[in-house]
Structures are given as structure tokens and as C-alpha cells.
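Below is one structure, written out as C-alpha cells; comments come after it.
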Amino acid sequence: MIRNFLVIIALVLLCNHSFAQHTDDGGRIRQLNMYQDSLKHLGYTFINNDNDINRKNANYTFIKTLVSTLQIPNSFAFPFDSVKTISITKSPDNTFRIFSWHVANDDGSYRFYGAIQLNTSGALKLYPLGDYSPLIKNPEDSLTDNNKWYGAQYYTIVPVQTAATPYYVLLGWKGNTVKSTKKVIDILSFQNGKPVFGLPVFDGNGKKRKRVVFEYARQASMLLKYIPSQHLIVFDNLAPPDKKLKDKPETYGPDLTYNGYRLKDGRWEFVDNIDMRNVPDEHDVTYIDPKSGVQSKPVTTAKKVVKN
């Protein structure tokens, strides 16, 4: 399935390589809007349709349509505002944006899809993201590329400038199973112009990590957000309802305390027991409900195909 997704994007890019660059601006916008209407309809189908085959077919058509759309000159500036079933997250330095979304499986699990579009003035430069999650046994210790992506739906990008390796922190939702949900703090860098995920920049809390993965009960809601004024990633401390369940993360939930990672000299140091009175009083403003919109007001209970 991963290979099929990557092949679809490669074929569409090849077939559309000769797209006319002289399209007039009015015609270009009309074409982008036409494609956007198709993407909106297909996205609604792969999120809401009850039939697994229909969802997957709509998703594959969505992928081909998206790539064709991005081939249109200056597509990077087009916001795709009406396509509410995917996340489109632009880097603060405006160098790239990430399209990411999920398709639910009948067993309650998810497969993630995505692409990185670079901000270029010429031909489209697009990196497809192939979800390799089931085969990544130790995600917190793994470096991966776009073909072996630890799939997630991103809602925050934080650029970090270092002399050694400039990189971007990605915060994302990663639905898991009928019992548990995951969120992830990942790292994206570009080496020789190609995307690399993971970097050993998380220190403390028992180990060094290349990315940080949280798992908790599906019916729970977890805070994970970045506080720019404090250079701080803050998150709920997750704990089991009973010490006997410490080896069952699918039972975990917030215990009303908060931890975090604070940026220091290009690395992220673990901070225990954060006083939330010193943190802006916002809950998880990046909660994503694909049935109603990319971003919405916070909620405290889970729903079908809803990200918490």
C-alpha cells in the first residue's frame, strides 16, 4: 500500500511534467478552484463514507487530483481553504508546507498520507510521505525518510536554527487503534535537499530521543502545544488509572499535571511538573475534527473519526 501511494504520485508527476507554464492568472485561479471543489468532495468521502473500499478509492483519486493541482504554477500560494478534511501546515519561514491526512480502517486503525511541497518559483518540488508506521518498531530511536515516514497529521511547525543542523519541530496527531490514540513530536530536517525525520535532540526523562511518542486511552483528550514566548512544548502528563496497568498505555490519561520540553542551545530539555499558571490559558486549540474542519474549538470527549 505504501509503494502504491508513492507510485501514484510519481506517475502523476511524470504525466504532468509538461504542464504549460504560461497559463494566465485568471485561468490559473479558476483551475485551482475547480480542482479544490473536487478535493473537497473526495475528502468528505474518504472521511465519512461507511464503506472501506469507497474510502480508499476516494483517497487514491484525491492523491492524483492533489498532485495535478499542485502542478499548476504558483500553487504554493493557494490556501485550499475549503478542503477541511486534511491538514495543510506551512512553515513559519514560508519555505515549505505539509499536507497530511488520514483514512480510517474498518478495524479502528488509521493509515496516514501526506506530502511536502517546497516553495519554488519554477517546477513543482514535492516529496510524498509513505506511512511506514507498522514496521517502525522503535520510533523514538529511529531516523527515517519520506518513504518510511512515521505517519501523523500535523498541526504545528516550529523552526529551530542551529549551526549544525537547522530543523523543524512537528507536532501531530496519530490515531492508533480502537483502544488508544497517539500524539507525536517529530523532527524534520533537509539533508542534501531531501527530508529526514527524527533527530537526537530530546534530552531527559530517562533517555535521549529522536522523536517523542505519546499513547493514551482513545476516550481521553491530551494537551500538546508549543508556547512561542517560552520556547516550550507543553503536554499533559499521562498516567494509568491504577499502578497495575502501568504496562498498558491504552489505559493512560492526563493526571492534571504537566511536563514539557524547553529549547536550549538547539536541544530540547525535559521539564518536569510545569506550573500552568505561567502558561497562557489555552487548551488544545489545534484539536482537529476532520468532519467539520481542520481546526476547531477544544473538546474533552472523543467521537468517531475525531482527533483528540
Side-chain angles (χ1 to χ4, degrees), residues 5-6 8-48 58-103 112-130 146 149 151-159 168 170-173 188 190 193-195 285-286 288-296:
F5 168 62
L6 299 175
I8 286 171
I9 289 189
L11 288 175
V12 176
L13 285 169
L14 179 64
C15 292
N16 290 346
H17 183 69
S18 61
F19 185 91
Q21 296 296 307
H22 59 269
T23 306
D24 67 279
D25 195 58
R28 182 180 64 84
I29 297 299
R30 284 193 297 272
Q31 192 167 19
L32 285 165
N33 280 314
M34 179 188 69
Y35 274 129
Q36 178 175 231
D37 288 343
S38 297
L39 292 169
K40 178 181 177 180
H41 171 74
L42 291 164
Y44 181 88
T45 300
F46 70 61
I47 288 295
N48 291 279
N59 181 55
Y60 290 134
T61 304
F62 181 95
I63 293 167
K64 292 187 289 185
T65 305
L66 177 63
V67 178
S68 295
T69 307
L70 297 180
Q71 287 277 5
I72 297 173
N74 301 315
S75 65
F76 189 87
F78 192 76
F80 296 97
D81 287 339
S82 69
V83 186
K84 303 295 187 180
T85 51
I86 69 173
S87 295
I88 305 173
T89 312
K90 185 180 291 187
S91 65
D93 58 12
N94 206 41
T95 58
F96 68 91
R97 62 179 175 176
I98 302 178
F99 297 81
S100 56
W101 68 94
H102 72 273
V103 177
F112 290 84
Y113 299 84
I116 301 173
Q117 180 188 15
L118 300 188
N119 186 3
T120 60
S121 57
L124 172 66
K125 197 160 188 180
L126 189 72
Y127 292 100
L129 301 175
N146 60 299
W149 174 49
Q153 194 159 343
Y154 301 120
Y155 53 82
T156 299
I157 299 177
V158 181
Y168 301 85
L170 310 176
L171 304 186
W173 173 89
L188 169 64
F190 292 90
K194 296 182 178 180
V285 296
T286 49
I288 304 169
D289 181 350
K291 289 192 173 183
S292 62
V294 174
Q295 291 190 348
S296 63

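One-based numbering along the sequence shown. It should be emphasised that the depicted structure is a prediction, and the values quoted were computed from it without experimental measurement.
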Donor-acceptor pair, [X] side chain versus [Y] backbone, under 3.5 Å?
X	Y	value
Asn146	Pro128	yes
Ser68	Lys64	yes
Arg28	Ile72	no
Gln117	Phe99	no
Asn59	Phe46	no

Check each of Trp173, Tyr155, Tyr154, Phe62 against Trp101 using the ring pair (Phe, Tyr, Trp, His ring centres under 6.0 Å) test, and report the only one that passes.
->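 In the set Trp173, Tyr155, Tyr154, Phe62, the residue that makes a ring pair (Phe, Tyr, Trp, His ring centres under 6.0 Å) with Trp101 is Phe62.
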Please name the pair of heavy atoms, one in [X] and one in [Y], separated by the smallest distance, quoted to 0.1 Å.
X	Y	answer
Ile88	Pro79	CD1-O, 3.8 Å
Ala152	Ser100	O-CB, 3.6 Å
Val67	Leu124	O-CD2, 4.3 Å
Thr85	Gly43	OG1-CA, 3.2 Å
Thr89	Thr156	CG2-N, 4.1 Å

Measuring only between side-chain heavy atoms, which start at C-beta, is Leu118 closer than 4.5 Å to Phe190?
yes
Within the 4.5 Å heavy-atom criterion, are Phe80 and Leu70 side-chain neighbours or not?
yes
Would you give the length of the straight line joining atom [atom1] of [X] to atom [atom2] of [Y], rounded to the nearest 0.5 angstrom?
X	Y	atom1	atom2	result
Leu32	Asp37	CG	CG	11.0 Å
Met34	Ser38	CE	OG	6.5 Å
Ile157	Ile98	CD1	CD1	4.0 Å
Leu129	Leu188	CG	CG	8.5 Å

Counting only heavy atoms not in Lys40, do more than 12 sit closer than 6.0 Å to its NZ atom?
no
### Message
Does Thr61 form a side-chain contact (heavy atoms from CB on, under 4.5 Å) with Thr45? I'd like the steps, not just the answer.
### Response
CA-CA 11 Å; Thr61 304; Thr45 300; over 6 Å; no
side-chain contact (heavy atoms from CB on, under 4.5 Å) between Thr69 and Gln36, worked out: CA-CA 8 Å; Thr69 307; Gln36 178 175 231; over 6 Å; no
Walk me through it: do Ile47 and His102 pass the test side-chain contact (heavy atoms from CB on, under 4.5 Å)? CA-CA 8 Å; Ile47 288 295; His102 72 273; 3.9 Å; yes
Could you walk me through whether Asn33 and Phe78 satisfy the side-chain contact (heavy atoms from CB on, under 4.5 Å) test, starting with their C-alpha distance in whole Å, then the side-chain angles of each, then the deciding distance to 0.1 Å, before giving a yes or no? CA-CA 9 Å; Asn33 280 314; Phe78 192 76; 3.5 Å; yes
Check your understanding: Does the gap between the ring centers of Phe96 and Tyr127 come in under 6.0 Å?
Key ->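 Phe96 vs Tyr127: aromatic centres not under 6.0 Å.
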